[in-house]
Amino acid sequence: MAATRKLVIKVTAGADAPERCSQAFTVAAVAAASGVEVSLWLTGESAWFALPGRAAEFELPHAAPLPELLDGVRAGGRITLCTQCAARRGIEEKDVMDGVRIAGAQVFVSEITGEGVQALVY
């Protein structure tokens, strides 16, 4: 039986560092489409993308549209918004898109320390 591949990606950048942000979402979406189990963590300025419609405001020339990448991750993976990052921005559970959970460092650590997990931070 083949081992399950899992990729945990923490994206810390948003519109403040658009190339880094786009790279994180691109890698997450491609991995999810490739059958990799993906867990995408929205932290820092990327926290805003947990809100409906916010990804549509993001623009980066020659990059895939962020809403499409986000939908790809949502379809084949899990998206988590950092608890502290959400609180600092006044974001609550009722505000986030369907399928986005809010969780903290304990959950992140448990995910990245699992067997066969690759963690990336952008």
Side-chain angles (χ1 to χ4, degrees):
M1 183 155 91
T4 301
R5 299 176 301 160
K6 183 166 183 180
L7 182 61
V8 178
I9 299 175
K10 179 185 267 194
V11 55
T12 63
D16 58 325
E19 288 182 312
R20 191 163 26 115
C21 176
S22 179
Q23 289 169 1
F25 279 90
T26 300
V27 168
V30 168
S34 300
V36 176
E37 184 181 340
V38 174
S39 176
L40 179 66
W41 283 74
L42 305 177
T43 68
E45 286 302 296
S46 72
W48 295 113
F49 299 128
L51 300 175
R54 289 301 284 266
E57 298 171 9
F58 181 88
E59 292 185 12
L60 181 64
H62 310 291
L66 203 60
E68 291 178 19
L69 296 173
L70 193 55
D71 287 346
V73 177
R74 285 175 44 186
R78 164 175 266 163
I79 299 177
T80 305
L81 171 59
C82 163
T83 302
Q84 290 182 9
C85 300
R88 281 190 281 275
R89 289 160 179 81
I91 300 171
E92 300 176 11
E93 288 276 353
K94 65 178 177 56
D95 302 321
V96 300
M97 293 183 295
D98 288 342
V100 174
R101 69 175 175 170
I102 297 178
Q106 181 180 4
V107 175
F108 179 75
V109 169
S110 73
E111 283 192 16
I112 65 170
T113 56
E115 184 73 29
V117 175
Q118 172 69 50
L120 302 174
V121 178
Y122 286 87

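Starting from 1, each residue takes its place in the sequence as its number.
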Visitor: Could you go through the side chain to side chain donor-acceptor pair (under 3.5 Å) check for Ser46 and Trp48 one step at a time?
Guide: CA-CA 5 Å; Ser46 72; Trp48 295 113; over 6 Å; no
Visitor: Looking at Ala50, is its backbone amide N or carbonyl O close enough to the side chain of Arg54 to form a donor-acceptor pair, meaning the two atoms are under 3.5 Å apart?
Guide: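 It does not hold such a pair.
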Visitor: Membership question, hydrophobic clusters at under 4.5 Å side-chain separation (ILVMFWY): are Val73 and Val117 in the same one?
Guide: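 No, separate clusters.
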Visitor: Are Val100 and Glu93 side-chain neighbours, meaning at least one heavy-atom pair lies under 4.5 Å?
Guide: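 No - every pair of side-chain heavy atoms lies 4.5 Å or more apart.
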Visitor: According to a hydrophobic-cluster definition based on side-chain heavy atoms being under 4.5 Å apart (Ile, Leu, Val, Met, Phe, Trp, Tyr only), do Val30 and Val38 belong together?
Guide: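 No, no single cluster joins them.
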Visitor: Would Val8 and Leu40 count as a side chain to side chain contact (heavy atoms under 4.5 Å, CB included) here? Give the steps.
Guide: CA-CA 6 Å; Val8 178; Leu40 179 66; over 6 Å; no
Visitor: Between Met97 and Arg74, does a side chain to side chain contact (heavy atoms under 4.5 Å, CB included) hold up when you go through it step by step?
Guide: CA-CA 10 Å; Met97 293 183 295; Arg74 285 175 44 186; 3.1 Å; yes
Visitor: Could you tell me if the side chain of Leu70 sits less than 4.5 Å from the side chain of Phe25, heavy atoms only?
Guide: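 SC-SC contact between Phe25 and Leu70 confirmed.
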Visitor: Consider only side-chain heavy atoms of I, L, V, M, F, W and Y, link residues closer than 4.5 Å, and tell whether Leu42 and Leu60 are in one cluster.
Guide: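 As far as the 4.5 Å side-chain criterion goes, Leu60 and Leu42 are connected within one cluster.
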Visitor: Which is it for Glu92 and Asp95 under the side chain to side chain contact (heavy atoms under 4.5 Å, CB included) test, yes or no, and what are the steps along the way?
Guide: CA-CA 5 Å; Glu92 300 176 11; Asp95 302 321; 3.6 Å; yes
Visitor: With heavy-atom distances below 4.5 Å as the criterion, would you say the side chains of Val27 and Ile9 are in contact?
Guide: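 They are in contact (side-chain heavy atoms under 4.5 Å apart), so the answer is yes.
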Visitor: Does the cation-pi check pass for Lys10 over Phe108, that is, NZ or CZ under 6.0 Å from the six-membered ring centre and within 45° of its axis?
Guide: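 Pair Lys10/Phe108 counts as cation-pi.
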Visitor: Can Trp41 be reached from Val11 by stepping across I, L, V, M, F, W or Y side chains whose heavy atoms are under 4.5 Å apart?
Guide: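 No, no single cluster joins them.
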Visitor: Restricting to non-hydrogen atoms, name the atom on Leu7 and the atom on Ala31 that form the minimum distance, rounded to 0.1 Å.
Guide: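 Scanning both residues completely, I find the closest heavy atoms to be CD2-CB, 3.8 Å.
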Visitor: Any carboxylate oxygen within less than 4.0 angstrom of a Lys/Arg side-chain nitrogen, looking at Arg88 and Glu45?
Guide: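 Looking at Arg88 and Glu45, the cut-off is not met.
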Visitor: Using the rule that Ile, Leu, Val, Met, Phe, Trp and Tyr join whenever any side-chain heavy atoms are under 4.5 Å apart, tell me whether Leu51 and Ile102 fall into a single cluster.
Guide: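 Yes, one cluster joins them.
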Visitor: Walk me through it: do Arg101 and Glu111 pass the test salt bridge (charged side-chain N to carboxylate O under 4.0 Å, His left out)?
Guide: CA-CA 14 Å; Arg101 69 175 175 170; Glu111 283 192 16; 2.4 Å; yes
Visitor: Go through the steps for Val96 and Leu81 under the test side chain to side chain contact (heavy atoms under 4.5 Å, CB included), then give the verdict.
Guide: CA-CA 9 Å; Val96 300; Leu81 171 59; 3.8 Å; yes
Visitor: Atom OH of Tyr122 and atom CZ of Arg20: how far apart are they, to the nearest 0.5 Å?
Guide: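 One finds 11.0 Å between OH of Tyr122 and CZ of Arg20.
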